[in-house]
Amino acid sequence: MTPAPTSEHELMARARALAGLTLGELAAQEGFALPADARREKGWTGQLIERALGADAGNRAQPDFTALGIELKTLPLDRLGRPRESTYVCRAPSSPAAGLRWKQSPVWHKLRRVLWLPIEAAHETPLPTRRLGWAFLWSPSDAEDHLLGEDWEELHTLLCLGRRDEISAHLGTLLQLRPKGADAQETAPGYDGDGRASRLPPLGFYLRARFTRQLLAQSNP
DNA sequence: TACTGATCATTC
DNA sequence: GAATGATCAGTA
């Protein structure tokens with residue numbers, strides 16, 4: 001087990017030392033078994049890299065590197081080097097607090113400092129031969145923070161009003177709300193549009209691929 | 001090809 | 001059950 005990094009510098013050095021390795025090579029180093037069916041172990045890559053870098057948050061609702069306040073996200077790229085999938089941020093509250101502000105929200109805290117670890121040609125390469133790319137650290141610029149905050153306010157307001165029927169993944173320019181659960185049958189307690197208790201499928205906040213494409217482009221000028 | 005809605009594994 | 005880690009798969 002890799003110990004947790006004690007500084008941002010140490011974390012970045014570790015992350016960049018991974019560049020060029022294949023997932024199979026890293027798994028062998030870490031004593032991580034390759035999944036028999038990659039379609040059924042969607043979180044495998046993220047968990048392997050957490051282990052290799054010494055993430056210490058487990059599955060608690062805290063940044064992966066607790067002492068540094070840094071969140072780790074893998075960023076699967078296509079063969080053109082562009083993110084294709086959205087990035088999960090965190091779950092949306094089933095009973096949101098009406099007075100909550102953007103800078104108090106779990107989304108804001110999660111995105112405060114993110115270590116992005118690109119996975120090259122993730123959609124075209126079998127999992128064991130996918131290569132790790134050049135990691136980069138990101139914090140939202142003032143402009144990005146503003147736009148994220150606007151999206152969050154819009155979505156949070158709909159959640160607070162219980163207007164679930166108006167919520168879809170179409171809303172939001174950088175952020176979106178989409179289902180986040182085992183399946184469409186999963187439910188969590190919440191409130192409907194009339195304020196009555198009901199059970200609804202859980203949602204999660206995601207960053208659109210459009211946005212992570214921008215972040216990647218900014219990171220290698 | 002991009003996007004949305006659905007889904008899979010694991011841990012506490 | 002609710003959080004973590006995400007990608008799959010159908011369709012526009």
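Here is how names work: the chains are called A, B, and so on, in the same order as the sequence lines, proteins then strands, and each is numbered from 1.
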When rounded to whole Å, the CZ to C1' distance for the pair Arg130(A) and dA6(C) reads 12 Å
Checking Tyr206(A), Phe211(A), Trp116(A) against Thr87(A) for side chain to side chain contact (heavy atoms under 4.5 Å, CB included), the one that qualifies is Trp116(A)
With the side chain defined as heavy atoms from C-beta on, Arg40(A) is closest, among dG5(B), dA9(B), dT4(C), to dA9(B)
Considering only heavy side-chain atoms of Pro76(A), the closest of dT7(C), dG5(C), dC3(B) is dT7(C)
By the 4.0 Å heavy-atom rule, please label Pro106(A) as base, sugar-phosphate, or nothing. nothing
**Message:** Quick one about Gln62(A) and Thr66(A) (side-chain donor to acceptor, distance below 3.5 Å, no hydrogens or angles considered), yes or no?
**Reply:** no
Report which part of the nucleic acid Ala182(A) touches: base, sugar-phosphate, or nothing (heavy-atom distance under 4.0 Å, all strands).
-> base
The answer to which of Ala209(A) and Lys42(A) contacts DNA chain B further toward the 5' end, by nearest nucleotide, is Ala209(A)
### Query
When we call it a touch if two heavy atoms are under 4.0 Å apart, what does Glu50(A) touch: a base, just sugar-phosphate, or nothing?
sugar-phosphate
- How is Gly46(A) classified with respect to the nucleic acid when contacts are heavy atoms under 4.0 Å: base, sugar-phosphate, or nothing? sugar-phosphate
Side-chain contact check for Arg210(A): nearest option of dA3(C), dA6(B), dC3(B) is dC3(B)
Report which part of the nucleic acid Arg60(A) touches: base, sugar-phosphate, or nothing (heavy-atom distance under 4.0 Å, all strands).
sugar-phosphate
task: Respond yes when some side-chain nitrogen or oxygen of Arg51(A) is under 4.0 Å from OP1 or OP2 of dG5(C), and no when none is.
output: no
Among dA9(B), dA3(C), dT4(B), the one nearest any side-chain atom of Glu41(A) is dA9(B)
Ala61(A) has its side chain closest, among dA6(B), dG5(C), dA3(C), to dA3(C)
Using a 4.0 Å heavy-atom cut-off, does Glu71(A) contact any base of the nucleic acid, only the sugar-phosphate backbone, or nothing at all? sugar-phosphate
Are the side chain of Gln29(A) and the backbone N or O of Leu26(A) linked by a donor-acceptor pair below 3.5 Å? no
Between Arg39(A) and Gly58(A), the residue closer to the 5' end of DNA chain B by nearest nucleotide is Arg39(A)
Glu124(A) with Arg84(A): basic N within carboxylate O range, under 4.0 Å:
yes
Looking only at dT11(B), dG5(B), dA2(C), the nucleotide nearest the Ser168(A) side chain is dG5(B)
Do Phe32(A) and Leu53(A) share a hydrophobic cluster, counting only Ile, Leu, Val, Met, Phe, Trp and Tyr and linking them when any side-chain heavy atoms are less than 4.5 Å apart?
yes
- Item | Any donor-acceptor N/O pair under 3.5 Å between dT7(B) base and Asp183(A) side chain | no
Checklist entry - What does Ser86(A) touch in the nucleic acid at a heavy-atom separation under 4.0 angstrom: a base, only the sugar-phosphate, or nothing? => result base
Of dA2(B), dT7(B), dT4(C), the nucleotide closest to the side chain of Pro179(A) is dT7(B)
*Give the C-alpha distance, both sets of side-chain angles, the deciding distance and a yes or no for side-chain contact (heavy atoms from CB on, under 4.5 Å) between Trp108(A) and Leu148(A).*
CA-CA 8 Å; Trp108(A) 188 83; Leu148(A) 289 166; over 6 Å; no
Whole-Å distance, Asp78(A) CG to dT7(C) C1', equals 15 Å
Hey, does the side chain of Arg178(A) come within less than 4.0 Å of dT4(B)'s phosphate (OP1/OP2), counting only N and O?
no
Should the side chain of Tyr206(A) and the base of dA6(C) be counted as holding a donor-acceptor pair, with the cut-off at 3.5 Å?
yes
What about Lys180(A), does its side chain sit under 3.5 Å from the base of dG5(C) through a donor-acceptor pair? yes
Describe the nucleic acid contact of Arg199(A) in one word from base, sugar-phosphate, nothing, applying a heavy-atom distance below 4.0 Å. nothing
Rounded to whole Å, CZ of Phe32(A) lies from P of dA9(B) at a distance of 15 Å
To the nearest angstrom, the CG-P distance between Leu207(A) and dT4(B) comes to 13 Å
From the candidates dA2(B), dT4(C), dT4(B), the one with an atom nearest any side-chain atom of His170(A) is dT4(B)
